[in-house]
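Notes follow once the structure below has been shown.
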Amino acid sequence: MANKYYPTIGLEIHAELKTNTKMFCACKNDPDEEKPNLNICPVCMAHPGALPVINKKAVENVIKVGLALGGEIADFSEFDRKNYFYPDIPKGYQISQYKFPIVSGGHLADFDITRVHLEEDTANNKHDRGDFSLIDFNRAGVPLMELVTEPHSFDNAEDTAKGAVKFAKEFQLVLWYLNVSEANMEKGEMRVEANVSISTDPKKLGTKVEVKNLNSFRSAERAIKYEIDRMIELMEEGKGSEIVQETRGWDEAKQKTFSQRKKEGSADYRYFPDPDLPKLKLHEAFDLEKMKKELPELPEAKREKYRKSGIKEEDVEVIINNKDWSDWLERVKEILKSEERLKLALNFIITDFGGLIKKHGKIKLPNEKSFSELVIMFSERQISSRAAKDILEMIVMKDESPMKIATEKNLLQSSDEGALKEIAQRIIDANPKVAADYKGGKENALMSLVGQIMKETKGSANPSLAKDILINMLK
Ligand code: ADP
Ligand code: MG
Ligand code: ZN
């Protein structure tokens with residue numbers, strides 16, 4: 001390739017907030033409501049004279065996100081009207097924020113954050129019923145947060161696509177850990193838009209294209225890579241002028257981006273402060289210091305902690321990416337009270353849960369008390385690892401005390417030294433050749449004797465204790 005191209009990307013991510021009610025009215029915020037136009041009222045349907053009231057919880061959620069990202073929480077903030085005409089926007093404008101967003105600045109993964117603001121979601125248009133369209137207003141007025149990143153340059157198309165997805169995934173985790181949004185991309189609760197450009201001069205930004213319709217991390221990664229490759233190809237063919245500022249969609253079936261519309265400027269929206277809503281004095285209305293102190297532990301901090309306790313990198317990611325597991329693990333940790341036992345617990349989670357999920361489909365996590373009891377029994381060698389695996393499966397299927405199961409099923413290992421010594425002596429006497437081999441330096445011979453003890457005790461002996469006893473007797 002003749003030239004070096006510097007791809008640049010900036011992300012705009014929308015996330016529906018998890019609140020009881022909508023952004024400016026008392027309608028239920030229920031993304032799972034299947035009956036259309038049930039959660040609506042004069043405010044979100046824009047009937048004349050209806051007045052909006054700000055949902056404080058939604059503002060609080062955005063502040064939490066801002067604090068978590070290390071952004072600055074504005075003292076003064078306000079809502080603006082973003083005017084445009086479309087059937088999914090009953091008022092003829094969307095209430096959003098323009099000059100005074102709640103959050104400015106911050107950082108996550110590779111990206112600096114420009115702002116995080118609050119707005120309302122639009123209705124859902126359904127064009128799939130024939131030659132007419134239907135509109136469901138349940139979603140109209142649901143609190144919607146928008147995060148905008150600064151442009152960031154990567155080395156090549158692939159790194160750009162991966163870097164963007166890494167950011168989006170990390171942001172989703174932050175939303176989960178803060179418990180402010182379900183942020184499911186497939187359900188449209190989190191929507192990623194990617195602005196991409198390429199340039200031959202690292203100090204200058206090229207013309208950007210905005211890519212939409214990214215309904216999964218996978219399509220986001222493919223679409224970004226595709227779009228940058230497309231731009232580079234045009235440049236290489238001397239058709240750089242064909243790269244124009246526009247909105248492009250991602251066609252999942254064709255695995256291609258396509259032109260949707262040439263971009264309108266922000267002037268078209270005629271933003272102005274919404275006169276129906278009060279201004280926000282956030283530093284007065286919220287105790288920001290207290291909110292900051294009360295933030296839950298965030299994914300990156302948790303990662304660091306798990307890494308420090310010696311857990312393998314890929315295992316750390318498995319746990320971090322599953323909020324239910326990591327919350328549950330925190331409770332298990334409280335009970336186990338030791339790093340050593342925690343490692344055993346993680347080992348069960350990572351190796352055995354995977355197998356159980358394969359076997360039974362989705363499993364529920366066992367009661368943390370029962371699970372911890374099992375880990376402790378295993379760490380004290382009261383049960384074998386085979387028995388531990390079996391009992392784990394039982395308590396995943398139905399909560400019961402592992403000790404009770406082990407007793408009933410005769411799975412407790414004998415740690416009665418006196419009894420084991422007698423058996424060991426008998427085994428040695430019956431196998432003089434094997435004993436002599438071991439004494440003569442054949443280490444393997446010992447395991448054969450341990451095996452015989454296990455057989456003799458029908459597996460109830462604690463194998464490592466049996467081994468210790470044999471070593472002592474054969475000195
Ligand atoms: P617009 O007014 O078109 O929405 P903004 O300046 O608000 O543009 O930026 C929107 C997003 O596009 C931001 O995430 C920003 O980082 C990104 N962006 C801006 N310029 C470029 C560029 N030349 N290349 C890639 N991304 C860009
Ligand atoms: Mg924009
Ligand atoms: Zn309403």
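Both counts, for ligands and for their atoms, begin at 1 and track the order of listing.
With contacts defined as side-chain heavy-atom distances shorter than 4.5 Å, the pair V103/R115 does not qualify. Contact of the K364 side chain with the V396 side chain is not registered, since no non-hydrogen atoms from C-beta on lie closer than 4.5 Å. Using a 4.5 Å heavy-atom threshold, the side chains of L11 and I9 count as touching. Within the 4.5 Å cutoff, no side-chain heavy atoms of V209 are placed close to those of T257.
Each of the atoms 14 (O), 16 (O), 17 (C), 26 (N) of ligand 1 lies under 4.0 Å from some heavy atom of G10. Distances below 4.0 Å separate heavy atoms of T8 from the following atoms of ligand 1: 24 (N), 25 (C). Set against the non-hydrogen atoms of P151, the atoms of ligand 1 under 4.0 Å away are 16 (O). Interface of E150 with ligand 1, defined as ligand atoms under 4.0 Å from a residue heavy atom, comprises 16 (O). The contact set between ligand 1 and L11, taken as ligand atoms under 4.0 Å from a residue heavy atom, comprises 14 (O).
Residue contacts with ligand 1: V148 is placed with no nitrogen or oxygen under 3.5 Å of a nitrogen or oxygen of the ligand (distance criterion only). Looking at S197 next to ligand 1, an N or O pair under 3.5 Å apart turns up. The N/O atoms of G206, backbone and side chain alike, include one that comes under 3.5 Å of an N/O atom in ligand 1.
To the nearest 0.5 Å, atom CD1 of residue I73 and atom CG of residue L282 are 7.5 Å apart. Note: I102 CD1 to L118 CG = 5.0 Å, rounded to the nearest 0.5 Å.
Side-chain atoms of D276 do not come within 3.5 Å of backbone N or O of L51 as any donor-acceptor pair.
Protein nitrogen, oxygen and sulfur atoms, that is N, O or S, within less than 2.8 Å of the Zn ion (ligand 3) amount to 4.
Around atom 14 (O) of ligand 1, the closest heavy atom drawn from I113, L147, T149 belongs to T149. Nearest to atom 26 (N) of ligand 1 by heavy-atom distance, out of T207, D112, N195, V196, is N195. For atom 1 (P) of ligand 1, the candidate residues are Q245, K208, E210; the nearest heavy-atom contact is made by K208.
Figure legend: K323 and Y177 shown as a cation-pi pair, the cationic atom lying under 6.0 angstrom from the six-membered ring centre and within 45 degrees of its axis.
Under the side chain to side chain donor-acceptor pair (under 3.5 Å) criterion, the residue pairs touching residues 333-358 are D352-K389, with sequence neighbours excluded.
Residue contacts with ligand 1, taken as heavy atom pairs separated by less than 4.0 Å, do not involve T114 at all.
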Verify ring pair (Phe, Tyr, Trp, His ring centres under 6.0 Å) between F24 and F79, making sure each step is shown before the conclusion.
-> CA-CA 11 Å; F24 298 109; F79 287 98; 5.4 Å; yes

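Under the 6.0 Å cut-off for aromatic ring centres, F378 and F348 qualify, their centroids lying closer than that. Ring pair W328/F371: centre-to-centre distance below 6.0 Å.
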